[in-house]
Amino acid sequence: MKKLKNILPVMVILVSAFFVLSCNEDIVVPPHDVNFDFYPYEYSDGHYFFDTLYKASFLDYYNNTTGTLTEHTIQNEVLVNDTATFEVWIKISITDSAGVFAYAHTMLYEQPVGGYSDTLKTGNPVLGKKMYGRFRRMHPYEYAMHSKPGFIYLKYTGEDDVVAVTYKTSSGKLFGTPVSSAAPNDTLILKLVQWAYLHPIDTPLAWELKLKNVYVLPYAVTTDGFELNVKYYSNGYQTHLPGFSKSISTMLDIDRYTGTTREPPPDGKFDLLEGYTIDFGTNELIFPTLRPFYDNLIREGAGSIYWYPELYTKSKSEAMNVENAYDYRILGKYRYYP
């Protein structure tokens with residue numbers, strides 16, 4: 001009888017747990033609207049060009065209306081599927097035995113015939129230009145590549161991280177020394193893309209590699225109910241600048257068609273285009289120009305009171321404290337299906 005009394009509470013617990021689990025299996029989370037709201041300075045901190053030459057490739061790729069890319073873009077495409085040359089590395093603790101030693105250089109030039117000079121594997125670190133340390137190979141799920149416009153999305157890095165790469169272009173140019181071609185225990189030479197604690201004054205070369213026109217949306221993006229507007233504060237947030245007939249979305253080139261479709265008359269609405277303005281796999285919202293809140297506004301004849309150049313010339317913490325920091329908002333929504 002005593003044994004039965006001891007068993008009964010356990011049976012009650014097991015039955016209760018089974019009932020809870022069974023109920024949970026029937027729970028269906030319904031789709032719901034996701035609202036997003038960015039100020040311009042809240043751009044992604046994880047997007048970097050492999051080289052400043054890819055700025056031209058970016059503009060060509062995202063603004064092409066003929067379907068034919070320039071020779072510059074074609075020749076410099078990064079061969080991300082070349083497993084022998086494409087590698088992404090992140091700096092780790094010097095005591096971590098899992099990595100390899102490497103020198104990472106900002107704006108590293110093409111590997112010449114016969115290989116790099118050993119002088120690239122010596123010397124002290126130089127702020128914004130050269131970094132030495134132990135690096136580990138990053139996993140593919142930690143980043144996403146845009147091979148033709150030549151930039152990478154680092155999904156989980158922080159401001160104190162250093163990331164470098166090796167790669168080959170479609171024209172056969174090799175940058176860095178891939179581990180697959182290095183001697184055992186050799187010090188690698190890498191091309192730096194993300195420098196720790198970037199600043200436009202202290203690390204100007206590395207600063208130029210950072211994109212400041214991409215925003216990452218909070219959940220998996222769908223076309224269902226997708227809306228986006230850029231608004232300006234003038235007696236409340238408005239879709240048009242005072243005195244302008246074009247919407248701000250049109251002025252910033254996100255109300256237009258790209259790719260092989262001819263551009264229709266602007267309708268004032270955001271054009272959701274997979275692979276151009278939106279990447280559904282990574283939830284990236286991409287403006288097709290590099291400095292939309294400055295260059296585009298000048299092009300459209302907007303006065304300097306509407307410009308926001310500090311967004312591109314100052315660090316994020318500095319840019320959010322200037323007079324124009326809260327004039328614009330990027331607002332939208334879409335239906336999310338869990």
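Both backbone and side-chain heavy atoms feed into the values below; hydrogens, waters and symmetry mates do not.
At a threshold of 4.5 Å between non-hydrogen side-chain atoms, the residues Phe280 and Thr223 count as touching. When side chains are defined from C-beta on, Met320 does not count as touching Tyr39, because their heavy atoms never get closer than 4.5 Å. Looking at Leu188 and Phe135, their side chains never come closer than 4.5 Å, going by heavy atoms from C-beta outward. In this structure, Thr313 and Tyr294 have side chains that are not in contact, with every pair of non-hydrogen atoms separated by 4.5 Å or more. Side-chain contact between Leu69 and Tyr61: present, with at least one pair of heavy atoms (C-beta onward) separated by less than 4.5 Å. Considering only heavy atoms from C-beta on, Arg291 stays 4.5 Å or farther from Pro309 through its side chain. Using a 4.5 Å heavy-atom threshold, the side chains of Leu311 and Tyr328 count as separate.
Val162 and Phe151 fall within the same hydrophobic cluster, where Ile, Leu, Val, Met, Phe, Trp and Tyr residues are linked whenever their side-chain heavy atoms come under 4.5 Å apart, directly or through other members. Placement of Val216 and Val221 in two distinct hydrophobic clusters is found when ILVMFWY residues are connected by side-chain heavy-atom separations under 4.5 Å, directly or transitively. Cluster membership check: Tyr156 does not share its hydrophobic cluster with Ile90, using side-chain heavy-atom separations under 4.5 Å among Ile, Leu, Val, Met, Phe, Trp and Tyr. Taking hydrophobic clusters as Ile, Leu, Val, Met, Phe, Trp and Tyr residues chained together by side-chain heavy-atom distances below 4.5 Å, Leu192 does not share a cluster with Tyr103. By the criterion of side-chain heavy atoms lying less than 4.5 angstrom apart, applied directly or through intervening Ile, Leu, Val, Met, Phe, Trp or Tyr residues, Leu241 is grouped together with Tyr237 in one hydrophobic cluster.
In this structure, OG1 on Thr166 lies 10.5 Å from NZ on Lys168, to the nearest 0.5 angstrom. Interatomic distance, NZ of Lys333 versus CG of Leu217, reported as 15.0 Å (0.5 Å rounding). With rounding to the nearest 0.5 Å, the separation of CG in Asp82 from OG1 in Thr169 is 10.5 Å. Rounding to the nearest 0.5 Å places OG1 of Thr277 at 9.0 Å from CG of Leu228. To the nearest 0.5 angstrom, Ile286 atom CD1 is 5.0 Å from His146 atom NE2. In this structure, CD on Glu284 lies 6.5 Å from OH on Tyr153, to the nearest 0.5 angstrom.
Side-chain N/O atoms of Ser247 and Ser249 include no donor and acceptor closer than 3.5 Å. Checking Tyr312 against Asp295 by side-chain atom types alone, no donor-acceptor pair falls below 3.5 Å.
Residue Ile189 comes nearest to Ser117 through the heavy atom pair CD1-O, 4.3 Å, listed as atom of the first residue, atom of the second, then distance. Across every non-hydrogen atom of Tyr143 and Met138, the tightest pair is CE2-O, 4.0 Å. Shown here for Ala84 and Ser180, the closest heavy-atom pair between the two residues is O-OG, 2.7 Å. Across all non-hydrogen atoms, the minimal contact from Ala206 to Trp195 is CB-CB, 3.7 Å. Considering every non-hydrogen atom in both Lys231 and Leu331, the closest pair reads CD-CD1, 3.7 Å. Between Gln75 and Ser170, the closest heavy-atom pair is O-OG, 3.1 Å.
Relative ring orientation between Tyr334 and Phe36 is described as tilted, the plane-to-plane angle lying within the 30° to 60° band. Taking the six-membered ring for Trp and thresholds of 30 and 60 degrees, Tyr132 and Phe101 have nearly parallel ring planes, at less than 30 degrees apart. Aromatic ring pairs are classed by plane angle as parallel below 30°, tilted from 30° to 60° and perpendicular above 60°; the pair Tyr215 and Tyr43 is perpendicular. Taking the six-membered ring for Trp and thresholds of 30 and 60 degrees, Tyr62 and Tyr276 have ring planes more than 60 degrees apart, a perpendicular arrangement.
Counting non-hydrogen atoms of other residues, nucleotides and ligands closer than 6.0 Å to NZ of Lys121 gives a total above 12. Heavy atoms from other residues, nucleotides or ligands lying under 6.0 Å from CG of Asn35 number more than 12.
Ring-centre distance between Tyr232 and Tyr306: below the 6.0 Å cut-off. Checked against the 6.0 Å centroid criterion, the rings of Phe226 and Phe270 qualify as a close aromatic pair. In this structure, Tyr326 has its ring center at least 6.0 angstrom away from the ring center of Tyr308.
No donor-acceptor pair under 3.5 Å is formed between the side chain of His47 and the backbone N or O of Val214. Within the 3.5 Å criterion, the main-chain N or O of Trp307 finds a donor-acceptor partner in the side chain of Asn324. In this structure, the side chain of Thr250 does not engage the main chain of Lys246 through any donor-acceptor pair within 3.5 Å. Under a 3.5 Å cut-off, the side chain of Asn229 and the backbone N or O of Thr239 do not form any donor-acceptor pair. Distance alone, capped at 3.5 Å, places no donor-acceptor pair between the Glu310 side chain and the Glu318 backbone.
Here Lys148 does not pair with Asp60 in a salt bridge; the nearest charged N to carboxylate O distance is not below 4.0 Å. Comment: Lys316 engages Asp45 in a salt bridge, judged by a side-chain N to carboxylate O separation of less than 4.0 angstrom.
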Exercise. Taking it one step at a time, do Ser93 and Arg134 satisfy side chain to side chain contact (heavy atoms under 4.5 Å, CB included)?
Worked result: CA-CA 7 Å; Ser93 170; Arg134 189 181 283 274; over 6 Å; no
Exercise. For Lys173 and Asp51, what are the C-alpha separation, side-chain angles and deciding distance, and is it a salt bridge (Lys or Arg N to Asp or Glu O under 4.0 Å)?
Worked result: CA-CA 13 Å; Lys173 295 180 179 180; Asp51 193 288; over 6 Å; no
Problem set entry | Asn321 and Lys314: CA distance, side-chain angles, deciding distance, side chain to side chain contact (heavy atoms under 4.5 Å, CB included) verdict | CA-CA 10 Å; Asn321 287 306; Lys314 294 183 179 294; over 6 Å; no
For this session: Determine, stepwise, if the pair Val163 / Glu142 fulfils side chain to side chain contact (heavy atoms under 4.5 Å, CB included).
Result: CA-CA 12 Å; Val163 177; Glu142 296 180 274; over 6 Å; no
Problem set entry | side chain to side chain contact (heavy atoms under 4.5 Å, CB included) evaluation trace for Tyr219 with Asn283 | CA-CA 7 Å; Tyr219 296 98; Asn283 309 324; 5.9 Å; no
For this session: Step by step, work out the side chain to side chain donor-acceptor pair (under 3.5 Å) result for Thr289 and Asn296.
Result: CA-CA 8 Å; Thr289 53; Asn296 289 53; 2.9 Å; yes
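Note that Lys212 lies in the cation-pi zone of Trp207, set by a 6.0 Å cut-off to the ring centre and a 45° limit from the axis.
Screening Ile254, Leu285, Asp37, Ile248 for a side-chain contact (heavy atoms from CB on, under 4.5 Å) involving Ile330 leaves a single residue, Leu285. Exactly one of Tyr167, Phe86, Tyr109, Tyr116 qualifies for a ring-ring contact (aromatic ring centres under 6.0 Å, His included) with Phe175. That residue is Tyr167.
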